[in-house]
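Here the structure is laid out as C-alpha cells; the discussion comes afterwards.
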Amino acid sequence: MDVTLRVLRYDPKKDQKPHFVEYKVTAEPWDRVLDLLHKVKWDQDGTLAFRRSCGHGICGSDAMLINGVNRLACKTLVKDLGSVITVEPIRGLPVEKDLVVDMEPFFAAYRAVKPFLINDEPPPDRERLQSPEERERFDHGTKCILCAACTTSCPVFWVNGSYIGPAAIVQAHRFIFDSRDRGKRERFKVLGSGGGVWRCRTAYNCTEACPRGIPVTELIEEVKREMVFSKF
Ligand code: SF4
Ligand code: F3S
Ligand code: FES
C-alpha cells in the first residue's frame, strides 16, 4: 500500500520553527512505523533524526506522537493507522532535532525519586527474603521501560515542567511498596514537594499512553494514599 508519512521536522541550527515534511513510502500493512522511518532515512533523506535501539518494545527509546497518540514506533503497525500517518516528537521536552528530544529533564525526575533499593539494616547471611505476595505488590512498576510516553502525554507536565511526572512516580511506587526497602521517608520528601505527586490531576492520559499496560494512574493514587496514611 502507498502511505504518506508526515513528519514534524525541526533542525534548530537552520529552521525558524518546526514544519511538516511529507514522504511517500510503499509499505506492507504489517510494517511498523519504525520501518517507515527507516525507509525514509535510508532511501530518501538521511538527515531525518529519530531514536531507536531494540526494535522490539524493550528499550523505550522510540516513543513518539503517532497520529496524535503517544506510542512506540516499533510496536505500531501501519494497518492500524491508515494511509496517512503523522509523526511528531513527544511533547513537553525540548526538541534536539526532528523526533529526538532532550530526555535529561525526564531522567532527572527519575533520579530524584531514588530508583534503587535503600536499606541500611545489616544484611542477612543470604538474600533478603520476600514472599511471592510481597513481590507481587510492586510488580507493575518493574515492567516500566522508561519510554516517557506517560509523562509526555500528561497535560500537567506540558504546562509545568517542574512536575516530576507519572514515570518517576511509577518508579517511586516500585520501591515504596517493596517489603525490603526502607527509603520511603526520603522518597516522600521529593514526592511531597511542589513538583511532586499532588500535581497530578488524575487526567488518565498516562495510563492510556503506556505501551506496557501499566495502570499508571492507579499506582499514582496508591502512592498518594500511602503518603497520607503512612506512619513512621
Ligand atoms: Fe513508558 Fe509506561 Fe514506564 Fe511511562 S510507565 S515510562 S509509559 S513504560
Ligand atoms: Fe497526568 Fe496521569 Fe496524573 S496524565 S494528571 S499524571 S493521571
Ligand atoms: Fe526499543 Fe522501540 S526501539 S522500544
Side-chain angles (χ1 to χ4, degrees), residues 5-10 18 20 32-34 37 49-54 57-77 80-82 84-113 115 140-174 191 194-224:
L5 188 67
R6 299 176 70 241
V7 184
L8 190 64
R9 299 207 54 183
Y10 178 55
F20 280 102
R32 307 159 305 166
V33 171
L34 182 61
L37 291 169
F50 55 93
R51 282 196 185 101
R52 60 98 178 89
S53 181
C54 71
I58 299 299
C59 71
S61 60
D62 64 340
M64 45 191 82
L65 196 63
I66 301 172
N67 282 3
V69 178
N70 271 6
R71 324 180 209 219
L72 299 177
C74 66
K75 297 282 281 182
T76 307
L77 301 182
D80 297 325
L81 297 169
V84 179
I85 299 173
T86 303
V87 183
E88 302 165 66
I90 45 179
R91 292 187 176 143
L93 293 166
V95 175
E96 291 191 332
K97 186 167 185 254
D98 300 333
L99 303 170
V100 175
V101 298
D102 177 6
M103 294 288 283
E104 180 46 32
F106 175 81
F107 284 116
Y110 170 60
R111 290 192 299 270
V113 299
H140 285 308
T142 64
K143 296 181 178 141
C144 175
I145 55 172
L146 293 170
C147 67
C150 55
T151 297
T152 60
S153 68
C154 173
V156 177
F157 181 72
W158 294 338
V159 296
N160 185 343
S162 71
Y163 174 38
I164 59 170
I169 302 170
V170 164
Q171 291 296 326
H173 181 288
R174 184 253 170 269
L191 294 163
V197 74
W198 304 112
R199 289 263 166 210
C200 169
R201 293 291 180 268
T202 330
Y204 272 91
N205 290 18
C206 51
T207 301
E208 285 170 22
C210 180
R212 303 287 291 170
I214 298 170
V216 181
T217 311
E218 203 179 295
L219 302 193
I220 295 171
E221 293 305 302
E222 287 182 6
V223 168
K224 287 178 182 169

Are the side chains of L146 and Y110 in contact, using a 4.5 Å heavy-atom criterion?
yes
Of all pairs that satisfy side chain to side chain donor-acceptor pair (under 3.5 Å), the ones with a partner from residues 195-205, not counting sequence neighbours:
none
Rounded to the nearest 0.5 Å, how far does CD1 of I58 lie from NZ of K75?
7.0 Å
Can you find a heavy atom in the side chain of L219 that is under 4.5 Å from one in the side chain of I169?
no
Donor-acceptor pair, side chain of T76 and main chain of V33, under 3.5 angstrom:
no
V69 side chain reached by E208 side chain, heavy atoms, under 4.5 Å:
no
What I'd like to find out is whether the side chain of C147 reaches to under 4.5 Å of the side chain of P211, using heavy atoms alone.
yes
Does C74 offer a backbone N or O that forms a donor-acceptor pair with the side chain of D62 under 3.5 Å?
yes
Run the numbers on L5 and L37 for side-chain contact (heavy atoms from CB on, under 4.5 Å), then give the verdict.
CA-CA 8 Å; L5 188 67; L37 291 169; 4.0 Å; yes
Verdict with reasoning, C206 to C154, per side-chain contact (heavy atoms from CB on, under 4.5 Å)
CA-CA 6 Å; C206 51; C154 173; 5.5 Å; no
Looking at A49 and V100, what are the two nearest heavy atoms and their distance?
C-CG2, 3.9 Å
Where do R6 and T86 land on the side chain to side chain donor-acceptor pair (under 3.5 Å) test, with the steps shown first?
CA-CA 5 Å; R6 299 176 70 241; T86 303; 3.1 Å; yes
Quick check: closest heavy atoms across L72 and G57, and the distance to 0.1 Å?
CD1-CA, 3.9 Å
Shortest non-hydrogen contact from A149 to A209?
O-CB, 3.5 Å
Would you indicate whether K97, at its atom NZ, is surrounded by more than 12 heavy atoms from other residues, nucleotides or ligands within a distance under 6.0 Å?
yes
Partner set under side chain to side chain donor-acceptor pair (under 3.5 Å) for T152, not counting sequence neighbours:
N70
Which residues pass the side-chain contact (heavy atoms from CB on, under 4.5 Å) test with V95, sequence neighbours left out?
Y10, P89, V101
Might you work through the side-chain contact (heavy atoms from CB on, under 4.5 Å) test for C144 and I214, ending with a clear yes or no?
CA-CA 8 Å; C144 175; I214 298 170; 3.9 Å; yes
When rounded to the nearest 0.5 Å, the distance separating CG of D80 from CZ of R32 is 13.5 Å
Return the set of residues passing salt bridge (charged side-chain N to carboxylate O under 4.0 Å, His left out) with R212 (not counting sequence neighbours), or none when no residue passes.
none
With a 4.5 Å heavy-atom cut-off, do C200 and Y163 have their side chains touching?
yes
Kindly write out the residues that satisfy side chain to side chain donor-acceptor pair (under 3.5 Å) with K224, not counting sequence neighbours, or none if the list is empty.
E221
What closest approach, in Å, do C54 and C59 show between heavy atoms, and which atom pair accounts for it?
SG-N, 3.2 Å
Does F50 have any ring pair (Phe, Tyr, Trp, His ring centres under 6.0 Å) partners at least two apart in sequence or in another chain, and if so, which?
H38
Find out whether M64 and L99 are in side-chain contact, i.e. whether some heavy atom of one side chain is under 4.5 Å from a heavy atom of the other.
yes
Would you mind reporting whether V170 and H140 have side-chain heavy atoms less than 4.5 Å apart?
no
Would you call L93 and F157 a side-chain contact if the rule is heavy atoms closer than 4.5 Å?
yes
What residues, two or more places apart in sequence or in another chain, satisfy salt bridge (charged side-chain N to carboxylate O under 4.0 Å, His left out) together with K143?
D139
Sequence-distant partners of A168, side-chain contact (heavy atoms from CB on, under 4.5 Å), two or more places apart:
A109, V113, I164
Minimum heavy-atom distance between I66 and A73, given as atom pair plus value:
CD1-CA, 3.9 Å
Can you run down the salt bridge (charged side-chain N to carboxylate O under 4.0 Å, His left out) pairs that involve residues 98-110, sequence neighbours left out, and say none if there aren't any?
R9-D98, E104-R111
Got a sec, which residues hit side chain to side chain donor-acceptor pair (under 3.5 Å) with T217, two or more places apart in sequence or on another chain?
T207
Correct closest heavy-atom pair for G141 and Q171 would be O-NE2, 4.2 Å
Taking side chain to side chain donor-acceptor pair (under 3.5 Å) as the test, write out the residues that go with R71, two or more places apart.
none
According to the salt bridge (charged side-chain N to carboxylate O under 4.0 Å, His left out) rule, which pairs have a member within residues 146-168, sequence neighbours left out?
none
CD (E88) and CG (L65) are apart, to the nearest 0.5 Å, by 4.5 Å
